[in-house]
Amino acid sequence: MNLPDLKKARIRTDKEVEYIYLNDHYQKLFSGQKYFLKTYGCQMNVHDSEEIAARLESLGFNKTEVLEEADIVILNTCAIRENAHDKLYGFLGRCKHLKKEKKDVIIGICGCMAQEENVVEEIMNKHQYIDIVFGTHNIYKLQDLIINKKEKQNIEVYSCEGDVYENVPYKRESQVKAWVNIQYGCDKFCTYCIVPYTRGKQRSRKSQEIIKEVEELVKNGYKEVTLLGQNVNAYGKELKDEINFAKLLEEVAKTGIERIRFVTSHPWDFTDEMIEIIAKYDNIMPYIHLPLQSGSSKILKLMGRRYTKEEYLTLYHKIKETIPNVAITTDIIVGFPNETDENFKETLDVVNACQFDSAFTFIYSPREGTPAAKIEDKIPMEVKEERLHKLNELINSYSLKANQKYLGKTVKVLIEGVSEKDNTKVFGYTETMKLVNVDNACDKIGEIIDVKITDAKSFSLDGKI
Ligand code: SF4
């Protein structure tokens, strides 16, 4: 896998400055040593981990999947849900054991949890064997933090938003598809969400830099890019003289990359112009993740989502009517404080009206520091669990129905790799983001091929060439 030039990264501040983050002197200091990197949470974290991996490899570390072999362990954490903390604490037990066995191992924590108020102190007090902590805004200092680690713990978490980085090194997980950050942070401040506090306010990259990155990926043989941000369709709003997201999509489409996806979009920022551009370009995939969160306008208001049930439905139908064969998926939270049975029924009604291709569903859990955490939550857990169960049954029935429409059809699939469960099969995704397992196509990895669908389940399709 090719690593980009690690010598320089430019950080865009008010005045464009050159920042040399890596001296030749530091390179290969840890030659032959191994790193173990574990990622929790969303695609943003997955992509951050690609940067962390590149920075570790620039120092000479090689990747290992075996914790016990590691000379440095980095845990890239998530703060979105309460159980993310529990999962991390569970894994820290193994790290503590490793530290006892291997005194020189470096244990590091980064990501959104490291950025949460009071959490760093709590972690460091409880887990004194942790050596380094860094936040979401200063990944670029990782090499320095490792090099400077002496006897004591090395903590550097910036409370400010951070800058926009350009020429960031990534060790991309795939040679077929790539994540491309187009913005960082979020300005929406939905009342339940910790992201604006852990990742800061919205900062968009310049469109020329994004296009340059995509052109480079095309040159290197990548077939697909996913434009990444917490709220991609608000792209550029805080920048003077920058194009909007619809125009950015169009510019990316003109680079000739074969497939373009984007995630996540907010219904409030979804414009008619965007819908038209998606419909116009064949290389912008007909797949949209459009978080609903609740089907009750009362709950949506409490969530600070800025749209009503009716506005969501209008947008949904406009997208369905304008973009041929589009697949739409969603996110739904159940058991938000004050959600009555009637409000929950409204969510089920919207699901019935939209018949989503699939959905990520969650039970609400308060995140400390958010406005929603201050609302008294009187809904018993059994009620929340029952609502989630009902919702999942309904969603799964529509997922199956949506997948069954593919039976007997021939669709284009980008083959990504060998199936983990069965090495005689490969897996890939349709244009509409349906997972397909394909027989006897191991020589087709990295290609977009025609696949005939032979079986449909709720979560995947089977097919053959
Ligand atoms: S749009 Fe709302 S839910 Fe999404 S990241 Fe921003 S604040 Fe969080």
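In each ligand, atom 1 is the first atom listed, and ligand 1 is the first ligand listed.
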Logged contact type for Pro196 with ligand 1, heavy-atom cut-off 4.0 Å, is side chain

Contact atoms of ligand 1, heavy-atom distance to Val195 under 4.0 Å | 5 (S)

Relative to each other, are the rings of Tyr129 and His127 parallel, tilted or perpendicular (30° and 60° limits)?
-> perpendicular

Supply the atom-to-atom distance Ile243 CD1 to Ser204 OG, rounded to the nearest 0.5 angstrom.
-> 10.5 Å

heavy-atom search around atom 6 (Fe) of ligand 1 in the protein gives Cys186 SG, 2.3 Å

Are any of the side-chain nitrogens in Arg199 or Asp48 under 4.0 Å away from the carboxylate oxygens of its partner?
-> yes

What about His266 and Tyr307, are their ring centers closer than 6.0 Å?
-> yes

Applying a strict 4.0 Å limit to heavy atoms, is Arg199 in contact with ligand 1?
-> no

Ring centroid separation Tyr364 to Phe336 under 6.0 Å = yes

Can you sort out which atoms of ligand 1 are near Cys190, meaning under 4.0 Å from one of its heavy atoms?
-> 1 (S), 2 (Fe), 3 (S), 7 (S)

What atoms in ligand 1 come closer than 4.0 Å to a heavy atom of Tyr192?
-> 3 (S)

Looking at Gln230, Gln202, Gln293, Met44, the heavy atom closest to atom 4 (Fe) of ligand 1 belongs to Gln230

Near His266, which atoms of ligand 1 are under 4.0 Å from a heavy atom of that residue?
-> 1 (S)

Give the atoms of ligand 1, by number and element, whose distance to some non-hydrogen atom of Arg305 is under 4.0 Å.
-> 2 (Fe), 3 (S)

Metal site atom 6 (Fe) of ligand 1: N/O/S of Cys193 inside 2.8 Å = no

State plainly whether the residues Glu346 and Lys298 are in salt-bridge range, i.e. N to O under 4.0 Å.
-> no

Answer yes if the ring centres of Phe245 and Phe262 are under 6.0 angstrom apart, and no otherwise.
-> yes

